[in-house]
Participant: 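Take this structure, written in structure tokens, and hold onto it; I'll ask about it next.
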Amino acid sequence: MGSAVPHLYNAGSATGVVMDVTHILDPLNDRQREAVTAPVGPALVLAGAGSGKTRVLVHRAAWLIEAEGVSPHGLLAVTFTNKAASEMRGRISELLGSSAGAAWIGTFHGLCHRLLRMHWQAAGLPQSFQILDSDDQQRLIKRVIRSLDADENRWVPREVQWFINNRKDEGLRAANLHPDDETEHEFKRIYAAYETTCDRAGVVDFAELLLRVQETLIRDPDLLGHYQRRFRHLLVDEFQDTNEIQYAWLKLLSGDGAQPFVVGDDDQSIYRWRGAKVENLQRFQRDFPNTRLVRLEQNYRSTGNILAAANGLITHNQGRLGKELWTEGSEGSPVHVFGGFDERDEAEFVVDKVKAWVDHGGRRDEIAVLYRSNAQSRVFEEMFINERIPYRVYGGLRFFERQEVKDALAYLRLVQSRDDDTSFERVVNVPTRGIGSRTVELIREYARDNATTLWRAAIALTGGDLSSRAANSVQAFLSQIEAMAVAVKGLPMHEQAEHVIAAAQLEAHYRSREKGERGEARVENLGELVNAARGFQYEEEGLTPMDAFLAHAALEAGEGQAAAWEDCVQMMTLHSAKGLEFPVVFICGLEDGLFPHQRTMTDPEGLEEERRLFYVGMTRAMRELYLCYAEQRRLHGMEAYSEPSRFLGEVPRELLEEVRPRMNVSRPVAMRYGGGGALAGDDAGTGLSLGQRVGHPKFGEGIVVTVEGHGAHARVQVNFEAEGSKWLVLQYANLEVL
DNA sequence: GGTCACTCTATTTTT
DNA sequence: TAGAGTGACC
């Protein structure tokens, strides 16, 4: 890697000063250096897992500033998560020995938010616009559906939300849609009504942040020109995860002059389901014809065997850009495979290995247990608790998403922006103050009929059509918010939060509603919220501290779990493991139907994404990788039997080592997960196929929904017309093919 | 307006 | 199995 001779560089034509850039180049290998020092111009770095992707980005930024004489002011670096953004900022400053201050470094959403705050007028937003998180968004959509008298059973809020966000991610407004059928028509109608409601209330959802910026820049060529001239250097992390609008946004900002430097890995694209377009990697090369392509394939993380196993697996995917990881390190141990009897057996195995690791002087936080879906964590948690092994589960409810925190925030938001319907609705009757569903319904109706917000509707109604009792309650609520606004004016933020929480009597509310620990925990969280407000540092200009804090709460929902002070086993889904590394990794629940997940197995693209997910999981491991499955597993309260994951059969067999092969398995080990497994729709030697109509002597007629296993051991799931869905062992079922 | 019992459903997740 | 959501009832 590094050389003893200092690297000198003629720093940018402007300065003519010769800089010592040793600290930037020394820690890099040849490929990384090639990427970092690429001539100013579009560049695409295909960075395999563990190949130093972040390092390249960070060093590129430093290189541009120190060697090319680029002002940090002209630098824009984009990531997907707040964590990645702050890491990048920190590392760049560290490398520069000074702050990267003027550079814009942040998430797509964070940067767009910043632009909207600066140019709220151009964007057509109220100055105090508020941000909806997905929970707020879903509630609002639900309300919109009701207000349209659409059938809630047919138009499921979740699905509508999905639809709207997908359209926005594609850059499409309701007005841009041309529905072909009734369903699409209705979606469009709801979308349009949702847009109107958001505009009226001055609220913006996540996807809107991007779309609104995009539209504003297109509408205002001066503004666009300004930013195009300013940001000549764009750095993008995790490029394979960009969606349509993010790509369009980058391209727009690039204009003719900017030099995007993007880093990504098509093999780690695991977010297609939420709109990410791997194709953007190829599109980039087409759209920026002189793109310099650099591949980073040297891996600094895993042993040779682990890499070979991962490489072997991923070759089963079609249409890859092509990349093969290698290492100068040792081969290490083989990849261990464990087949448990059931999920408890699987968990016990992990427990044993954890204990052994710790007994040999290892730390628990060097171990990660990865699984496909969150529900799988339970067995491990129970087992870890029994065995007194500290653990930490990632994911789950985040601080700013907690009910009590959101209630308090809603008060603060109302104080800030009276028209925020989402917040109004949330707290009109929390704590209960005699404003029942009937009254709220009247307010909604009035708001809808008069095209106004709930707040204004409430004001209008107190002087009119409400019963005197209801009118009094509503009036009391309105006055209370106004009083809060007055009382809070000019106070430091944490005192504002304190005041609002006290005035709304939220503590008493939670204490009385949930006795004992749960209620107490909520009260504590309210205290934490005050602390968060106290410690909040804001640097954005042109925005009140409170607006900044509220935006922060929405954009950065906080940690999933309290920070682990103890040395804990790390547990998380494969998705959340991306970007992390651990000496010891367990990938659990490797069974067909669970991983690859049932719902992806019928779709070849979905299956490839699952395979990439497995690849991501494997490449998290530095030294020891355990692949585990269970033959039988309790799922949704029912016992289910399944075959080991087809992916196991795609890992070169010579790299695998069976741990404690089960004695009662008659098939030879090599046959257990051979040859890629049966594809869905295959009859797997049972003579039955999915969708087949069958008759049963007792249950009548039905349709085969699932086929598992082979020959006489096979089990089928049949959806009977009369009896519903049943699992049957083929050997005894006496099914008649119809 | 609050409680209880019943039904329904059941990836992955950041912002 | 468990959690959310709903509707009936007090």
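Side chains are part of it too, since the values below use all heavy atoms of this structure and drop only hydrogens, waters and symmetry mates. Given the structure is predicted, the values throughout are model-derived calculations rather than measurements.
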Participant: How is A:E610 classified with respect to the nucleic acid when contacts are heavy atoms under 4.0 Å: base, sugar-phosphate, or nothing?
Facilitator: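 Contact class for A:E610: base.
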Participant: In whole Å, I'd like the distance from the CG atom of A:D237 to the C1' atom of B:dT14.
Facilitator: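 One finds 14 Å between C1' of B:dT14 and CG of A:D237, rounded.
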Participant: Look at the side chain of A:S134 and the base of B:dT15, then say whether one donor and one acceptor between them are separated by less than 3.5 Å.
Facilitator: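 Between B:dT15 and A:S134, which were checked side chain against base, a qualifying N/O pair under 3.5 Å is present.
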Participant: Between A:N374 and B:dT11, is there a side-chain N or O to OP1/OP2 distance below 4.0 Å?
Facilitator: no
Participant: Could you state the atom-to-atom distance from CZ of A:R433 to P of B:dG2 in whole Å?
Facilitator: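 Answer to the nearest Å: 12 Å.
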Participant: Among C:dT1, B:dG1, B:dT13, find the nucleotide with the atom closest to the side chain of A:R634.
Facilitator: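 Side chain of A:R634 sits closest to C:dT1.
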Participant: Would you call B:dT11 syn or anti, using the 90° rule around 0?
Facilitator: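 Glycosidic conformation of B:dT11: syn.
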Participant: Please work out whether the ring planes of A:H109 and A:F206 are parallel, tilted or perpendicular, with thresholds of 30° and 60°.
Facilitator: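 A:H109 and A:F206: perpendicular rings.
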Participant: Take A:R372 and A:F206, find for each the nucleotide of DNA chain B with the closest heavy atom, and name the residue whose nucleotide sits nearer the 5' end.
Facilitator: A:R372
Participant: Nearest to the side chain of A:K142, which nucleotide is it out of B:dG1, B:dT15, C:dT6?
Facilitator: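 Of B:dG1, B:dT15, C:dT6, C:dT6 is nearest to the side chain of A:K142.
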Participant: Please examine the side chains of A:F477 and A:T462, heavy atoms only from C-beta on, and report whether any two atoms are closer than 4.5 Å.
Facilitator: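 With C-beta onward as the side chain, the pair stays apart.
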Participant: Taking the side chain of A:W273 as its heavy atoms from C-beta onward, which of B:dT15, B:dT11, B:dT12 lies nearest to it?
Facilitator: B:dT12
Participant: Give the rounded distance in Å between these two atoms: OH of A:Y271 and C1' of B:dT14.
Facilitator: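 To the nearest whole Å, that distance equals 7 Å.
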Participant: What do you reckon, are the aromatic ring centroids of A:F108 and A:F80 less than 6.0 Å apart?
Facilitator: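 Distance test on ring centres: under 6.0 Å, yes.
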Participant: Taking CZ from A:R344 and P from C:dT1, how many angstroms apart are they, rounded to a whole number?
Facilitator: 14 Å
Participant: Would the number of heavy atoms belonging to other residues, nucleotides or ligands and lying under 6.0 Å from CZ of A:R344 be above 12?
Facilitator: no
Participant: Nearest whole Å is fine: how far is B:dT14 P from A:L111 CG?
Facilitator: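 To the nearest whole Å, that distance equals 19 Å.
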Participant: Would you tell me if any nitrogen or oxygen in the side chain of A:R599 comes within less than 4.0 Å of OP1 or OP2 on B:dT12?
Facilitator: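 No, because none of the side-chain N or O atoms of A:R599 sits under 4.0 Å from OP1 or OP2 of B:dT12.
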Participant: Assuming nearest nucleotide by heavy-atom distance, tell me which of A:N429 and A:T573 is located more 5' along DNA chain B.
Facilitator: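 It is A:N429 whose nearest nucleotide is closer to the 5' end.
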Participant: Kindly say whether the aromatic ring centers of A:W273 and A:Y271 come within a distance under 6.0 Å.
Facilitator: yes
Participant: Whole angstroms only, please: what is the CD1-P distance between A:I270 and B:dT13?
Facilitator: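 Taking CD1 of A:I270 and P of B:dT13, I get 9 Å after rounding.
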Participant: May I have the distance from A:M572 (atom CE) to B:dT12 (atom P), rounded to whole angstrom?
Facilitator: 15 Å
Participant: Choosing from B:dT11, B:dT15, B:dT13, which nucleotide comes nearest the side chain of A:S576?
Facilitator: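 Shortest atom-to-atom distance from the side chain points to B:dT13.
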Participant: Side-chain N or O of A:R438 less than 4.0 angstrom from OP1 or OP2 on B:dG1?
Facilitator: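 It does not, given that no N or O in the side chain of A:R438 lies less than 4.0 Å from OP1 or OP2 of B:dG1.
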Participant: Using atom CZ of A:F108 as one end and atom P of B:dT13 as the other, report the distance to the nearest whole Å.
Facilitator: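 Nearest whole value for this atom pair: 20 Å.
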